[in-house]
Q: 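Following this message is one structure expressed as structure tokens.
Numbering of residues begins at 1 and proceeds along the displayed sequence.
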Amino acid sequence: QVQVVESGGGLVQTGGSLRLSCAASGSNFRINDMGWYRQAPGKWRELVARITTDGLTNYTDSVKGRFTIVRDNAKNTVYLQMNNLKPEDTAVYYCHAQIVPPFHLSWYDSWGQGTQVTVSS
């Protein structure tokens, strides 16, 4: 069983920065895409940023130019550097990984437990 664990959330003022980390642990698995999603109170969970194994990225429009997603394939880890944070970035941030079990071609979704990011005005 693969576990995905996030860290790095917290409280920051408008204009501040935070770095989220997410590590997948287990044995004998591969990871396809990894990404970060967020869910604010009363809203649907939305994609923030996603990165492929080859390093191709895409971002939701509201974070372009402020957030950067990177991954370390050797460590099965993905990071989200968040700069110039705004109050509307306040949400629970979830790490997502597409896990490919051994001897399988298809993948399944694995989610972290979530980490709170709060941006004060």
Q: I need the S121 OG to E88 CD distance, nearest 0.5 Å.
A: 10.0 Å
Q: Find out whether T14 and P87 are in side-chain contact, i.e. whether some heavy atom of one side chain is under 4.5 Å from a heavy atom of the other.
A: yes
Q: Kindly give the heavy-atom pair with the smallest separation between L20 and G9, and that separation in Å.
A: CD2-N, 3.6 Å
Q: Once you round to the nearest 0.5 Å, how far does OG1 of T90 lie from CD of Q116?
A: 7.0 Å
Q: Have a look at F67 and tell me which of N84, T60, N83, L85 forms a side chain to side chain contact (heavy atoms under 4.5 Å, CB included) with it.
A: L85
Q: Would the number of heavy atoms belonging to other residues, nucleotides or ligands and lying under 6.0 Å from CD of Q13 be above 12?
A: no
Q: If you compare all heavy atoms of G114 against all heavy atoms of V92, which two are closest, and at what distance to 0.1 Å?
A: CA-CG1, 3.8 Å
Q: Using the rule that Ile, Leu, Val, Met, Phe, Trp and Tyr join whenever any side-chain heavy atoms are under 4.5 Å apart, tell me whether V78 and Y37 fall into a single cluster.
A: no
Q: Out of curiosity, does V63 fall in the hydrophobic cluster containing W36 (side-chain heavy atoms, cut-off under 4.5 Å, transitive links)?
A: yes
Q: Less than 4.5 Å apart, side chain to side chain, heavy atoms only: is that true for V4 and C22?
A: yes
Q: So, K86 and D89, do they make that salt bridge, N to O below 4.0 Å?
A: no
Q: Give the minimum heavy-atom separation between P101 and Y108, together with the two atoms involved.
A: CG-CE2, 3.7 Å
Q: Taking atom CG of L80 and atom CZ of R71, what is their separation to the nearest 0.5 Å?
A: 14.0 Å
Q: Using a 4.5 Å cut-off on heavy atoms from C-beta on, say whether the side chain of R45 contacts that of W111.
A: yes
Q: Fit a plane to each ring of H96 and W107, take the angle between them on a 0 to 90° scale, and name the class: parallel (under 30°), tilted (30 to 60°) or perpendicular (over 60°).
A: perpendicular
Q: Once you round to the nearest 0.5 Å, how far does CG of D33 lie from OG1 of T57?
A: 11.0 Å
Q: Considering the options L47, V48, T68, which one meets the side chain to side chain contact (heavy atoms under 4.5 Å, CB included) requirement together with Y59?
A: T68
Q: Looking at every heavy atom in both C95 and E6, which two are closest together, and how far apart are they?
A: N-OE2, 2.7 Å
Q: Rounded to the nearest 0.5 Å, how far does OG of S62 lie from CZ of R38?
A: 4.5 Å
Q: Treat each ILVMFWY residue as a node, draw an edge where side-chain heavy atoms are under 4.5 Å apart, and state whether V100 and M34 are in one component.
A: no
Q: Give a yes or no on whether I51 and Y93 share a hydrophobic cluster (residues Ile, Leu, Val, Met, Phe, Trp, Tyr; joining criterion: side-chain heavy atoms under 4.5 Å apart).
A: yes
Q: Counting heavy atoms not belonging to Q3, are there more than 12 under 6.0 Å from its CD?
A: no
Q: Using a cut-off of 6.0 Å, state whether more than 12 heavy atoms not belonging to R50 lie near its atom CZ.
A: no
Q: Taking all atoms of both residues into account, what is the closest heavy-atom pair of S21 and Y79, and its distance?
A: OG-CD2, 3.3 Å
Q: Can you tell me how far apart CD1 (I69) and CD (Q81) are? Round to the nearest 0.5 Å.
A: 12.0 Å
Q: Considering all heavy atoms of both residues, which atom of A24 and which atom of I31 are nearest to each other, and what is their separation?
A: CB-CD1, 3.7 Å
